[in-house]
J.: 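Pasting a structure below so you can have a look.
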There are 2 protein chains.
Amino acid sequence: MSAGARPTLRDVATQAGVSPAIASRVLNADPTVRVREETRERIQGVAKDMGYVPHSVARSLRGARTGAIGLVMHGLDSPINVDVLAGAQAACARAGYVTLLADAEQLAGDHSQLSAFLARGRLDGVILHSGYGEEDRLLEAITSSVPAVLVNSEDGRPVPTVRVDDAAAARLATEHLIELGHREIAYIAGPEGSQTSDRREAGYRDTLARHDLGGAVDVVHAGWSAGAGTTAVHELLRRPTLPTGLVVANAVAASGVLSAFRDAGLAVPGQVSVITIHDSWFLQHLSVALTAVRLPLQVLGATAADLLIDTIEGRSPVRDVAITEPAPELVLRRSTGPTSRR
Amino acid sequence: MSAGARPTLRDVATQAGVSPAIASRVLNADPTVRVREETRERIQGVAKDMGYVPHSVARSLRGARTGAIGLVMHGLDSPINVDVLAGAQAACARAGYVTLLADAEQLAGDHSQLSAFLARGRLDGVILHSGYGEEDRLLEAITSSVPAVLVNSEDGRPVPTVRVDDAAAARLATEHLIELGHREIAYIAGPEGSQTSDRREAGYRDTLARHDLGGAVDVVHAGWSAGAGTTAVHELLRRPTLPTGLVVANAVAASGVLSAFRDAGLAVPGQVSVITIHDSWFLQHLSVALTAVRLPLQVLGATAADLLIDTIEGRSPVRDVAITEPAPELVLRRSTGPTSRR
DNA sequence: ACCGGCTGAACAATCGATTTCTCAGGAACT
DNA sequence: AGTTCCTGAGAAATCGATTGTTCAGCCGGT
């Protein structure tokens, strides 16, 4: 397009016959500056004609801000986590921030990547959505250099956390199975030690208890992957009797659960009903279209971003947030039905 | 952790009793500088003790480089695209670059997001993996400000492109169906105008022709989404006879294809065999475990990153690359079988 | 003694934008 | 006529690191 190098502020100012100082203020719409309307227009015209684009590096060297937020994520192989990422990314973009993406595991494992990511002046803040394993290693490094917000993390952190209403989602799922007549309902949990899974478990236990089924509590620990779901089913199949209903903590694991039942020749929902937490496009294409409780994952990411941005821009006190709006919602498909046993 | 603000280079130099100039050279291992071993050690010791971290912004203001690469992606709702992203991100990280993530559609639609992203000094280069719709709008803006590499893009661009071997993948898929005895094989294409889909179509046509089935060419245009796959099946079902084999251009669309057959009560592979291009974790959990041709998507992303980095660091001439290694590979599952018709 | 050359390191300019002062000139007021 | 005040704008410092140039001392050679 244009011939040479990009014009600098000085070029614009010279061309417009003013000092860089005035040019800067005019182009940034500094409300405290007074210039003649004519001068203002001349500067703006020249800037436009020359295709002036501010040099973000020079700008953030002087000011303290960089206009960049770091997104440290784990498990991008799961659409669930990608939804959170997409929500956060979009919210940052809307607020005028660019986003730096990093993989939590890589960052935790490679010190040079970590220091490149956290190099001074690179980021205004970080959103950390990590597996519970890497978190400790990363958290201190991050928070000692910039403000941070955690997503779906553990309690008791010295950093604000944003989370969805896990307990309510699990209550809704369990309630649904009970309404269909199920009395033997197991919970296929996430990995041992995950508080996200624990919160869902609490909702499941609550609901059973409220229906006087407290004695039927049945928790199988699995994980977040499809393979973990399959393994959990194999474990169930070794028992003399199978529960009639399953609440699975995660939609990806539930895929593995359904495949395992298919491979074992068990009918869903004929012999066992399955409901999961988190909705995604692939659920309706699984071996049995999977009934789920939809949680607002993109909203989760966006809320984390908004909270962080408020903090960065000094607008609000930082604190934990639980997202209750939109509320968890039942998405009925074909994997749940009336129990055939009593 | 430490009390005050982070130390600057000057702080380190002062503490070590040297000038910032020497400190900088020592800490960056400048080979042209000569210092006493004792001085070198003193500077390095002080830097370590004070927890000195270089200020990336100041550094890139002086030097030309920023150590950041932009990843402009589309369709993060598809695991296929996320694989490419993950590959590119990891390769950049390995090479010491941080990655800025942006959504192609958002960027194309919001001028202020675009200029924040492309602000001078923010990026050393961009990898663009966009739908064919937004590409034109973005491409000029991007290439006029930084080096770029396209992923799976159209031919004839003024920018180097990296792509997988689409034709070979489609040949492999088509060949597989022919070996199973199929003679009526349709190709469920991507969106009209997509050259990725066109290249796969060429491989499909090639293979039919080589088996004297050139007259049986049957292309149905769909899209990349599951819904598009479903729609394509509905179109097929309106015909008097159905092909016995289907090559679907994309794994997500193929999910919709399988669901449509299930809903229509047609057996896969009993009445129709389905094979798709691209492999992903969810394929084995679909209503019928889906046979696919695996393409190295992470390698695709990583290769694009490596190529861009070579360009940025002035190591290689920029040119188009087609990835042939690892070669497309057949992943047998349950959606293909011998034809029941002749 | 004097000069050339090497060693080890400091000086100062630079990158581009922001921002705090400062200041010239004219209007308004006494 | 002199003082004050406001308008409109410029000068210069600053952010932190990099790098081309310069320079003080010391050695050996003549």
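In what follows, every chain begins at residue 1, and chains take the letters A, B, ... in the order their sequences are listed. What you are looking at is a predicted structure, and each value in this text was computed from that prediction instead of being measured.
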J.: Under 4.0 Å between a side-chain N/O of A/R36 and OP1 or OP2 of D/dA9, yes or no?
T.: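 Affirmative; the distance criterion is met.
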J.: Quick check on C/dT18: is either OP1 or OP2 less than 4.0 Å from any side-chain nitrogen or oxygen of A/S24?
T.: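 For C/dT18, OP1/OP2 do have a side-chain N/O of A/S24 under 4.0 Å.
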J.: Does A/T39 make a side-chain N or O approach to OP1 or OP2 of D/dA9 shorter than 4.0 Å?
T.: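 Result: yes.
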J.: Would you call A/P54 and A/L9 a side-chain contact if the rule is heavy atoms closer than 4.5 Å?
T.: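 They are not in side-chain contact.
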J.: Below 4.0 angstrom from OP1 or OP2 of D/dG16, is there any side-chain N or O of B/Y52?
T.: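 Checking B/Y52 against D/dG16: no side-chain N or O falls below 4.0 Å of OP1 or OP2.
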J.: For the residue pair A/L101 and A/L85, establish whether any side-chain heavy-atom pair is separated by less than 4.5 Å.
T.: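 SC-SC contact between A/L101 and A/L85 confirmed.
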J.: Nearest to the side chain of B/A21, heavy atoms from C-beta on, is which of D/dG16, D/dA9, C/dC11?
T.: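 Taking heavy atoms from C-beta onward, the closest nucleotide is C/dC11.
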J.: Please tell me which of the listed nucleotides, D/dG8, D/dA17, C/dT18, lies nearest to the side chain of B/L9?
T.: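 Selected nucleotide (nearest to the side chain): D/dA17.
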J.: How close or far is atom C1' of D/dG10 from atom CG of A/D30, stated in whole angstroms?
T.: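 It works out to 15 Å between those atoms.
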J.: Would you mind telling me which of D/dG10, C/dA9, D/dT14 lies closest to the side-chain atoms of A/R62?
T.: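 That would be D/dT14.
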J.: Using a cut-off of less than 4.0 Å, is there contact between a side-chain N or O of B/N28 and OP1 or OP2 of D/dA17?
T.: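 For B/N28, the contact criterion (side-chain N or O under 4.0 Å from OP1 or OP2 of D/dA17) is not met.
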J.: Round to the nearest Å and state the distance from B/L61 atom CG to D/dT14 atom P.
T.: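 Interatomic distance, CG of B/L61 to P of D/dT14: 17 Å.
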J.: May I ask you to check whether B/T196 and B/N152 show a side-chain donor-acceptor distance below 3.5 Å?
T.: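 Per modelled atom types, B/T196 and B/N152 side chains form no pair under 3.5 Å.
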J.: Can you find a donor-acceptor pair, distance only, under 3.5 Å between B/R25 side chain and D/dG20 base?
T.: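 Under the 3.5 Å cut-off, the side chain and the base do form a donor-acceptor pair.
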J.: I need the CZ-P distance between A/R65 and C/dT18, as an integer number of Å.
T.: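 Atom-to-atom, A/R65 to C/dT18, this comes out as 12 Å.
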J.: Rounded to whole angstrom units, what separation is found between the CZ atom of A/R34 and the P atom of D/dG10?
T.: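 Those two atoms, CZ and P, are 14 Å apart.
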J.: If you take atom types as modelled and just measure distance, does the side chain of A/R10 reach the base of C/dG16 with a donor-acceptor pair under 3.5 Å?
T.: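 For A/R10, whose side chain was compared with the base of C/dG16, there is no donor-acceptor pair (under 3.5 Å).
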J.: Pairing donors with acceptors under 3.5 angstrom, does anything connect the side chains of B/Y52 and A/R120?
T.: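 Side chains of B/Y52 and A/R120: no pair found under 3.5 Å.
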J.: Nearest whole angstrom, please: distance from the P of C/dT14 to the NE2 of A/H55.
T.: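 Roughly 17 Å, once rounded to whole Å.
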J.: If you check every side-chain atom of A/V35, which of C/dG16, D/dA9, C/dA9 has the closest atom?
T.: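 Within the option list, the nearest is D/dA9.
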J.: Are OP1 or OP2 of D/dG10 and a side-chain N or O of A/S19 less than 4.0 angstrom apart?
T.: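 Indeed, a polar side-chain atom of A/S19 lies that close.
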J.: Roughly, in whole Å, what's the span from CD1 in B/I43 to P in C/dG8?
T.: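 Whole-Å distance recorded here is 13 Å.
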J.: Between A/R59 and C/dT18, does any side-chain N or O lie under 4.0 Å from OP1 or OP2?
T.: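 Indeed, a polar side-chain atom of A/R59 lies that close.
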